[in-house]
There are 2 protein chains.
Amino acid sequence: MDFKDLTTEQLEEAANMLKAIAHPMRIAILGYLEDGKKLTVTEIHELLKIEQSTTSHHLGILKDKGVLCSKREGKNTYYFLKHANLSNIVNCVSKCTMG
Amino acid sequence: MDFKDLTTEQLEEAANMLKAIAHPMRIAILGYLEDGKKLTVTEIHELLKIEQSTTSHHLGILKDKGVLCSKREGKNTYYFLKHANLSNIVNCVSKCTMG
DNA sequence: TAATATTTTGGTTAATTAGACAAATGCAAA
DNA sequence: TTTGCATTTGTCTAATTAACCAAAATATTA
């Protein structure tokens, strides 16, 4: 692939996705959503020990920018990765912080 | 790898790297630096048709957050990827904006 | 030394973002 | 319908970021 072929719109969409991911809490959230896992807002807020409404905000940002999808089932809303390979991004950048 | 094992510091470093990349111009810059390519500030500013000092600013951000390295040779400063696999990030997020 | 080319830094203003809280909405069971 | 749980939305202030321009710093050449 040749990135020089990306349009301005595609560059901005890509930037928006990365901007959505580029936050410690949101990276941690993605860490829990590998391999097609689906979690509710409450589960994530308990796992990460952050305010429930703050959790919802972060999930909303990730969904809005095309990183996550959500599906309501009864009282709960389950969140999960829109593209499986988005885990690679977190994977890759994490590797860089370790080596 | 288990992201739940990442420390707060590592999460923040990862977030800072992604934040540095998460900008249309900076994604475009990384697009030109695949495969170990090295380019000068002037070359990049001409390729992207943005102000020279703006280019330097963007490169400085990428270097400061550990995405790029630089090496001065004579009058010129060459910039290049610090980790080869950082191309994967741009690659991955670009794919998501195309399919 | 002086002049030129390349790059970095600093100052400014406008725009965006984070985090907290409160209020409102959606759903299910009694 | 009323109650309670889960989630979303709105509002606010503080902090961060972008882009431009001008000035300074670094290195080469005359």
Side-chain angles (χ1 to χ4, degrees), chain A residues 8-9 11-30 32-33 37-80 82, chain B residues 8-9 11-30 32-33 37-82 93:
Chain A
T8 303
E9 289 72 28
L11 282 174
E12 280 182 1
E13 188 184 343
N16 283 331
M17 288 184 80
L18 285 180
K19 212 183 294 182
I21 300 173
H23 185 287
M25 288 294 170
R26 300 202 284 266
I27 291 176
I29 288 173
L30 295 188
Y32 283 107
L33 294 176
K37 285 204 197 68
K38 303 180 199 299
L39 294 175
T40 68
V41 179
T42 300
E43 286 171 326
I44 293 171
H45 124 243
E46 285 169 351
L47 280 168
L48 295 182
K49 301 180 181 39
I50 54 179
E51 279 237 354
Q52 183 276 326
S53 89
T54 301
T55 308
S56 176
H57 250 125
H58 286 309
L59 291 170
I61 290 167
L62 288 167
K63 184 183 175 185
D64 183 54
K65 304 306 184 194
V67 179
L68 297 184
C69 289
S70 66
K71 192 169 70 168
R72 182 134 202 171
E73 288 186 11
K75 283 197 286 193
N76 298 315
T77 303
Y78 286 87
Y79 281 86
F80 51 96
K82 187 164 180 181
Chain B
T8 303
E9 289 72 26
L11 282 175
E12 280 183 1
E13 188 185 344
N16 282 332
M17 289 184 80
L18 285 180
K19 212 183 294 182
I21 300 173
H23 184 288
M25 287 296 169
R26 300 201 284 266
I27 291 176
I29 289 173
L30 296 188
Y32 284 106
L33 294 176
K37 285 205 196 67
K38 303 182 199 297
L39 294 175
T40 69
V41 179
T42 300
E43 286 170 326
I44 293 171
H45 124 244
E46 285 169 352
L47 281 168
L48 295 181
K49 303 178 181 40
I50 53 179
E51 279 235 354
Q52 182 278 327
S53 87
T54 301
T55 308
S56 177
H57 255 121
H58 285 308
L59 290 170
I61 290 167
L62 288 168
K63 184 183 176 186
D64 182 55
K65 303 306 184 194
V67 179
L68 298 183
C69 289
S70 68
K71 191 169 70 170
R72 182 135 200 172
E73 288 185 12
K75 285 197 282 193
N76 298 313
T77 304
Y78 286 87
Y79 281 86
F80 51 96
L81 287 179
K82 186 164 183 181
V93 81

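Quick note on labels: first sequence line is chain A, next is B, and so on, each numbered from 1.
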| Start and end of chain B contact along DNA chain D [non-hydrogen atoms, under 4.0 Å] | dT17(D) to dT28(D)
| query | Of the non-hydrogen atoms in Thr55(A) and Val41(A), which two are nearest, and what is the gap between them? | reply | CG2-O, 3.8 Å
| query | Only one of Ile50(B), Leu48(B), Ile44(B), Thr42(B) clears side chain to side chain contact (heavy atoms under 4.5 Å, CB included) with Glu46(B); which? | reply |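 Option passing the side chain to side chain contact (heavy atoms under 4.5 Å, CB included) with Glu46(B): Thr42(B).
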| field | Side chain Arg26(B), main chain Ala20(B), donor-acceptor under 3.5 Å | value |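 Yes.
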| said: Counting only heavy atoms and a strict 4.0 angstrom limit, can you tell me which residues of residues 66-74 of chain B come near DNA chain C? | reply: none
| Across the strands shown, which category fits Tyr79(A) at heavy-atom distances under 4.0 angstrom: base, sugar-phosphate, nothing? | sugar-phosphate
| request: Please work out if Thr77(A) contacts a base, only the sugar-phosphate, or nothing of the nucleic acid, heavy-atom cut-off 4.0 Å. | output: sugar-phosphate
| request: Please identify each residue that fulfils side-chain contact (heavy atoms from CB on, under 4.5 Å) with Lys71(B), with sequence neighbours left out. | output: Glu73(B), Phe80(B)
| task | List in chain and number order the residues that pass side-chain contact (heavy atoms from CB on, under 4.5 Å) with Lys75(B), two or more places apart in sequence or in another chain; answer none if no residue qualifies. | result |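 With sequence neighbours excluded, Lys75(B) shows a side-chain contact (heavy atoms from CB on, under 4.5 Å) to no residue whatsoever.
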| side chain to side chain contact (heavy atoms under 4.5 Å, CB included) between Leu47(B) and Leu39(B), worked out | CA-CA 10 Å; Leu47(B) 281 168; Leu39(B) 294 175; 4.0 Å; yes
Using the 3.5 Å cut-off, write out each protein N or O paired with an N or O of nucleotides 11-14 of chain C and the distance between them.
none

Distance check needed: [N] [atom2] versus [X] [atom1], whole Å only.
| X | N | atom1 | atom2 | answer |
| --- | --- | --- | --- | --- |
| His58(B) | dT7(C) | NE2 | P | 16 Å |
| Tyr78(B) | dA5(C) | OH | P | 17 Å |
| Lys38(B) | dT7(C) | NZ | P | 15 Å |
| Lys63(B) | dT9(C) | NZ | C1' | 14 Å |
| Met25(A) | dA18(C) | CE | C1' | 11 Å |
| Lys19(A) | dA15(C) | NZ | P | 15 Å |

| message | With rounding to the nearest 0.5 angstrom, report the CG to CD distance, Asn16(A) to Glu12(A). | response | 7.0 Å
| Close approaches to DNA chain D from residues 39-54 of chain A, in residue order (heavy atom, under 4.0 Å) | Thr40(A), Val41(A), Thr42(A), Gln52(A), Ser53(A)
| message | Could you go through Leu68(B) and Leu81(B), starting from their C-alpha distance and side-chain angles, then the distance that decides it, and tell me whether this counts as side chain to side chain contact (heavy atoms under 4.5 Å, CB included)? | response | CA-CA 5 Å; Leu68(B) 298 183; Leu81(B) 287 179; 3.7 Å; yes
| field | Derivation and outcome, side chain to side chain contact (heavy atoms under 4.5 Å, CB included), residues Ile29(A) and Tyr79(A) | value | CA-CA 10 Å; Ile29(A) 288 173; Tyr79(A) 281 86; over 6 Å; no
| request: Side-chain contact test, heavy atoms from C-beta onward, threshold under 4.5 Å: evaluate it for Ile21(A) versus Val93(B) and give yes or no. | output: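 Not in contact.
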